[in-house]
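Here's the structure, in structure tokens; my notes come after.
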Amino acid sequence: MKAFGKIIGIVALVLLLLIVAAGFVLTHFFDPNDYKDEIRQLARDKANLELNLKGDIGWSLFPWLGLELHDTSVASLQTPDKPFADAQLLAMSVRVLPLLRKEVQMSDIRAEGLTLTLDRDKNGIGNWESIGKPLPPANGTPAAQPAPAPNEQVKADAQQTHQAMKLDIDSLSVKNARIDYADAQSGKNYSVEGIELTTGAIREGSNIPVKLSAYLGTNQPVIRARTELTGNLRFDRALKRYQLEDAKLSGEVSGDPFHGKTANYSAQGQLVLDQAAQVAEWNGLKVTINQLRALGELKARELDKEPKFDGGLSLAPFDLREFLEGIGQTLPEMADATTLTKLELATRFSGTRNSLALNDIKLKLDDSAFSGNLGIADFGKQAIRAQLSGDKLNLDRYLPAKVKKAQEATNSARKAEVDATAQSAIKGDTPLPSQPTQQAWSDAPLLPIARLRTLDLDAGLSLGQLTLDKLPIDNAVLKLRGQGGLLNLDDLRGELYDGKFNATATLDVRQDVPTLKAKKHIADVPVERMLESQGQKPPVKGLLDLDADITTQGNSQKAWIDNLNGTAHFVLTQGVLLNANLEQQLCQGIATLNRKSLTGEHGGKDTPFRELQGNLVFRNGVASNPDLKASIPGLTVKADGDLDLRVLGMDYRVGVTIEGDKSDMPDPACEVNKRYVGIEWPLRCRGPLELGAKACRLDKDGIGKIAARLAGDRLNQKIEEKLGDKVSPELKDALKGLFKK
């Protein structure tokens, strides 16, 4: 038995010596460079490749099965003069004996000066797509395809080979590699150059140090990026599980979108890919972009179907304005240059390839705090969905500054005209003020029409306090929908100076000229505080109730006012005409009729009234008010006139009916004679709205008619006293009729 064992050992040794000798002979007396033409032809026949072996072929057979290719390029047979791959050096070697045990033990795998040039032509065909496909026969008939093995058997064989084969590679090294991709259909080019890849020993179940660096570039838009990736790779092919531990990606990016600025970025964490479960995770996520700092986690599932992802994200407080400026993004000029200086965010997120939802949002923006949900339901349609609530928001701070400046310039010119008119209207005996002519509204564009046409929006917002157009709105609620250029304000309501309001509106931007329809209701809102918030000196005080149904068109304040049409009804209660001594003017008129002089001033600086109401009909920016009524103690006022909203001017004819002097000690010159009770005294009010009652004067023509009528009444009284019963009633009536107007 021992002898038999020795014989077997001797035979094995002899065979080994023969293999070594054969390897020595083959590698020393057989030169593969002599067979380059045969190798090229084999590549043409079997792989449809044009293989250009410019350099020498180096090889070894035992104990390493090795191959080295120098200065080699590969092209498709359709374009043999345009190689899609070339390399200065490709080298690898495998131990022979471990292959017999289904183990792959390799030395260093090296690639130097590797370049891949991938092109897709105008027909969408890539220059690499014909690789491995047999050439069509010369007669043009399709080549016979080999019968494919049954799918299940192929999968079983592949799985068995995959499970049995054991990898053991000393290292992988790629130096100075480059990948270029050009798409003739889109004109876009992409490049990855300066690729440097090094790894440690590649063994299954062990940590494999990996370092990759490269420069990336595109032409539409022009972008350049430097990036470096490090980490420890670990994989288990049986479990189909791959991990990149302690991964760190860093670099910088610049180009056209950054307008000369550079963004420095880094990302790190633990990455896991579980192909069996079709799950990928990024845990311990840390991201920095310039001064932005973010923490989070990301998990993707159903990778083989329609991938879905979810996770969490937290942004540390940072200056958003400074961050955007640092990456070359110019913000639109805002009314307040200190906005967007503080942003902090914490949220959970989820989504798919075409959607993103931010849930459980905790957002702090400047001095405002928000919570709720925000998302994009469809990236292609830009479908925005939002349900947010907040404590406060001063929206005026974020509005475009150019609109504000244009309005200030318009107001400046108009204010000069109003001031000049006001100076001449201080005294009640001055001429009637002229109608203002200066435009009161800005013609700066307000709406981003092109953006609104593509908007798909369903949003709800509630705020404890909203400041809009300088109005402090409490408990504000907004519900807005928009799609296909049609925006619907389903609800806008809130509390304003202890009053309430609500509104609905529709904005149609599908046509060249936008149209707007709105309905509005206001209840118990102090009108003077609304005017004060706009920087105007209020001519009147009181609680306003208003119902309006209006339409307009255009894209500026001026256009909206110029094209304003519709109706409105208003009631002003607990009112006061400020800085308007209406009683003094009436007493002056009565004293004139009494042919007496007033002994002093009458009334206070303001004139109170119980109610002011009327209806408005808007026609192209001018509001007709045919039925204005006011109830003032001792007086009843009726008026008919127009409000020109284009210049904020008024032109009214006012009738004041004296109901009786209620004072304890009336001025004799202003004492209301019974003859004056029930007479409608005429006033004319014309000029800027800011003047209020200061723009009102006695209508001299009307006063003359009243004087003539009163004189006729007095004469008729004398006739009655003189004639008494001396003449017939018919004659007395005829005589009185001669003195009536």
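Just so we're clear, the structure is a prediction, and the values are computed from it rather than from any experiment.
Contact check for V540 versus L572: side-chain heavy atoms found under the 4.5 Å cut-off. Inter-residue side-chain proximity for S556 and P445 is flagged as unmet; no heavy-atom pair is nearer than 4.5 Å. No side-chain heavy atom of L492 sits under 4.5 Å from any side-chain heavy atom of N502. Using a 4.5 Å heavy-atom cutoff, the side chains of K308 and S350 are not in contact. Within the 4.5 Å cutoff, the side chain of F323 has heavy atoms near those of the I289 side chain. For the pair N373 and L388, the minimum side-chain heavy-atom distance is 4.5 Å or more. Contact check for L648 versus W441: side-chain heavy atoms found under the 4.5 Å cut-off. Side-chain contact between L466 and L395: present, with at least one pair of heavy atoms (C-beta onward) separated by less than 4.5 Å.
A donor-acceptor pair under 3.5 Å is formed between the side chain of S368 and the backbone N or O of K392. The backbone N or O of K470 lies less than 3.5 Å from a partner atom in the side chain of D396, making a donor-acceptor pair. Without hydrogens or angle criteria, Q557 side chain to S442 main chain gives a donor-acceptor distance under 3.5 Å. Side chain of Q329 to main chain of P257: a donor-acceptor pair is present (N/O by atom type, distance under 3.5 Å, no hydrogens or angles). A donor-acceptor distance shorter than 3.5 angstrom exists from the side chain of N555 to the backbone of L447, with no hydrogens or angles considered. Between the side chain of H521 and the backbone N or O of A503, no donor-acceptor pair lies under 3.5 Å.
With respect to F370, the side chain to side chain contact (heavy atoms under 4.5 Å, CB included) criterion is satisfied by exactly one of D391, L463, L345, I361: L463. A salt bridge (Lys or Arg N to Asp or Glu O under 4.0 Å) with R481 is found for one member of D458, D490, D456 and no other, namely D490.
Checked by atom type, the side-chain pair S355/T352 shows a donor-acceptor distance below 3.5 Å. Side chain to side chain, N488 and T506 meet the donor-acceptor criterion of an N or O pair below 3.5 Å. A side-chain N or O of D366 and one of Y398 form a donor-acceptor pair less than 3.5 Å apart. Under the 3.5 Å distance criterion, with hydrogens and angles disregarded, a donor-acceptor pair is assigned to the side chains of E495 and N475. A side-chain donor-acceptor contact under 3.5 Å links N625 and Y652.
V654 approaches A639 most closely through the heavy-atom pair CG2-CB, 3.9 Å. For the pair L358 and F349, the tightest heavy-atom approach, listed with the atom from each and the gap, is CD2-CB, 3.7 Å.
A salt bridge links D508 with R510: the distance from a Lys NZ or Arg NE/NH1/NH2 to an Asp or Glu carboxylate oxygen falls below 4.0 Å. Salt bridge status for R684 with D651: present, with a side-chain N to carboxylate O gap under 4.0 Å. Checked for salt-bridge contact, R397 and D336 meet the test: a charged N lies under 4.0 Å from a carboxylate O. A salt bridge does not link R301 with E306: every distance from a Lys NZ or Arg NE/NH1/NH2 to an Asp or Glu carboxylate oxygen is 4.0 Å or more. K638 has no carboxylate O lying under 4.0 Å from a charged side-chain N of D627, or vice versa, which leaves the two without a salt bridge. Under a 4.0 Å N-O distance rule, the pair K520/D547 does not qualify as a salt bridge.
Heavy-atom contacts from other residues, nucleotides or ligands closer than 6.0 Å to CG of D549 number more than 12. For R453, the CZ atom counts as densely surrounded, since its 6.0 Å shell holds more than 12 non-hydrogen atoms of other residues, nucleotides or ligands.
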Q: Using the salt bridge (Lys or Arg N to Asp or Glu O under 4.0 Å) rule, take K342 and E322 through it: C-alpha gap first, then chi angles, then the decisive distance, then the call.
A: CA-CA 10 Å; K342 184 179 179 181; E322 181 181 350; over 6 Å; no

**Q.** L487 vs L455, side chain to side chain contact (heavy atoms under 4.5 Å, CB included): CA-CA, chis, key distance, verdict
**A.** CA-CA 9 Å; L487 283 79; L455 189 65; 4.2 Å; yes

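Note that the CD atom of Q553 and the CG atom of N565 stand 8.5 Å from one another [nearest 0.5 Å].
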